[in-house]
Amino acid sequence: MNQTRTLLFFALMFVAYLLWTEWEKDYGPQPVAPTPAAQTDAAAGAGKPNADNSVPGSTAPAAVPNETATPAEGKGELVTLSNDVLRLTIDTRGGSIVRSELLAYPKDPVTKKDPNPPPARLLNDDPEHFFAAQNGLVSSTGAAPDHRALFHADQTNVTLADGQKSASLDLTWTDPSGVKVVKRYTLNRTNYVVDLDQRIENGSAAAWTGNAYEQLQRVPAPKASWFKAYTDPEQHSFFGAAWYSPDNKFESLHFDDFAKKPLNRQITGGWISMLQHYFFVAWIPPADQGVTYSSNIVDPNSATPRYLVRAFGPAIQVAPGQSADSVARLYVGPKLQGTLDVIAPGLELTSNYGWLTIIAQPLHWLLSKLHAISGNWGVAIILLVLLIKAALFKLTDAQFRSGARMRKLQPRVAALKERYGDDRMKMQQAMMELYKKEKVNPMAGCLPILITFPIFIGLLRVLSESIELRQAPFVGWIHDLSAPDPLYVLPVLYFLVTLLTQRMMPTAGMDPTQAKMMKVMPLIFGVFFAFFPAGLVLYWTVNGATSLLQQWWINRSVDKADLKAKTA
């Protein structure tokens, strides 16, 4: 395989990857099939009550919240709870978190025109982007407030003050029977974890038995245009539900598969979440509790169906005059690698690199170390290129020296072509004999490409999934390395580098079709890269430029060596 075929091979692999990422919506492992005992429940829709009004997998009978039931009368009030990095908006209707603003992450890049963009919003009460973190209690023996019950809040705005370690907001629900529930949300300083405590005070004359549950409910992302679907990295990021169990580790479920592969699993020591580009929300029950995880579709036949995942806890019994607490944690924030596993086992896997994890995770680690040295993610990418080039120097040196020798053989290859004309078999045999005689290995160019291509694809996944690179500026006009270059400077530079590289490649022996493809290849890749993240184009431009310089230096050294041999 000569240099031309190597580049064509790379191009085909690149296009194949683009098609693969469009087809493979779910990068994580598929959910494990339900056990035979649970097949009937799964087929009917996980999380729905059985004939005896119990939840499949639960430890005590309890009514499951009916998402379409009419809520209690009265209008809820919106109250807020904030710390340094998170502002939550809570609806007293159900005590649900209906809005979350990530104060450290602007919605749009900071520019001179817009120096103070609004914070990114994850949980959202906008119907088009609806996403809520809900929780509640259910009971088949008495009154219980689910996520549609009307609570009362004594405060409308709680903000973590200077010197405070935490701030809490209480919501209260009281039933005429004497059952009282105090729902408390707590935020600690500089923390994306929300602590939930549902305290049940049984002031009635009878024992209270019920279950606590936590759930996430959202609509899918708005449909993107065909152009954005192929060019926007967000469209290639996993969007759907995911969960973790100590036995099966990380599993995920795309929204398209909710009806076909409903979740219904009893798990101890796990969590359940909704993932999207850069951010996620996850409910984390106590690690020692056996919890039933399920999925469902609310209003599946409507124009805006909502996808729901639920963690249904074990039975809680409260004697008259006694109280009990049900606790859970909620993570609302970015996919910060290196810190999430401290919160809960497996939470770091929400940075869903899929089958590229073995390449992408080390790349992210190395890139983070280089950023710690340079203080700039663009500079870190350049340093990464130089490190990779240094590690592969011997391989690329052999590749370029082979290319330089093949380039010098072009006149002789052209003579062979004239001699054998259209007899391709004899032409190939003569070329192989010539390469063998001159000790030129046409396969030398393949190995470096086969090694660097997975690195290229792995870096694409890192740039698409790593929150640290979101809106990371480089120089001047590039305010976001995870977005395309707004002035197309880097794609143009890449086009020029590719064009110059092509001119250095041997072309003798190439058929007319290959020659035409090679002429348009730089333009095709330049157009492709115009819509790729600037960080990725920066990586490939610097990689191409250093390769170009290396090839130029080797060509000169080979020419000098040949000249010296002739004059000796």
| request: Kindly say whether Leu216 contributes a backbone atom to a donor-acceptor pair with the side chain of Gln134 at under 3.5 angstrom? | output: no
| query | Between Ser466 and Leu469, is there a donor-acceptor pair closer than 3.5 Å when you use the side chain of the first and the backbone of the second? | reply | no
| task | May I have the step-by-step check of side chain to side chain donor-acceptor pair (under 3.5 Å) for Tyr185 and Asn135, ending in yes or no? | result | CA-CA 11 Å; Tyr185 288 109; Asn135 58 82; 2.8 Å; yes
| Which heavy atom in Ile267 sits nearest to a heavy atom in Pro246, and how many Å separate them? | CG2-CD, 4.3 Å
| said: Over 60° means perpendicular and under 30° means parallel, so tell me whether Tyr213 and Phe312 are parallel, tilted or perpendicular. | reply: parallel
| task | Tell me yes or no: between the side chains of Arg310 and Gln217, is some donor less than 3.5 Å from an acceptor? | result | no
| query | What do you reckon, are the aromatic ring centroids of Tyr244 and Phe250 less than 6.0 Å apart? | reply | no
| query | Counting only N and O atoms by type, is there a donor-acceptor contact under 3.5 Å from the side chain of Asp114 to the main-chain atoms of Asp108? | reply | no
| request: Could you walk me through whether His254 and Asp257 pass side chain to side chain donor-acceptor pair (under 3.5 Å), step by step? | output: CA-CA 5 Å; His254 195 273; Asp257 294 327; 5.5 Å; no
| query | Is it true that a side-chain atom of Ser100 and a backbone atom of Leu123 form a donor plus acceptor pair closer than 3.5 Å? | reply | yes
| Shortest non-hydrogen separation from Phe255 to Ala241 and the atoms involved | CE2-N, 4.4 Å
| query | After noting the C-alpha distance and the side-chain angles of Asp195 and Arg329, does the key distance pass the salt bridge (Lys or Arg N to Asp or Glu O under 4.0 Å) rule? | reply | CA-CA 5 Å; Asp195 292 318; Arg329 291 180 296 160; 5.2 Å; no
| query | Any sub-3.5 Å donor-acceptor pair from Lys335's side-chain atoms to Leu349's backbone N or O? | reply | no
| task | Just do the side chain to side chain donor-acceptor pair (under 3.5 Å) check on Lys261 and Ser295 with the steps written out, would you? | result | CA-CA 9 Å; Lys261 303 173 183 178; Ser295 64; over 6 Å; no
| task | Dump the intermediate steps for side chain to side chain donor-acceptor pair (under 3.5 Å) on Asn376 and Ser374, then the final yes or no. | result | CA-CA 5 Å; Asn376 184 292; Ser374 64; over 6 Å; no
| query | Is the gap between the ring centers of Tyr105 and Tyr278 under 6.0 Å? | reply | no
| message | Main chain of Leu160, side chain of Arg189: is a donor-acceptor contact present, judged purely on distance under 3.5 Å? | response | no
| message | I'd like to check Pro285 versus Tyr293 (side-chain heavy atoms, cut-off strictly below 4.5 Å). Are they in contact? | response | yes
| message | Quick one: does any side-chain atom of Asp485 pair with a main-chain N or O of Leu490 as donor and acceptor, under 3.5 Å? | response | yes
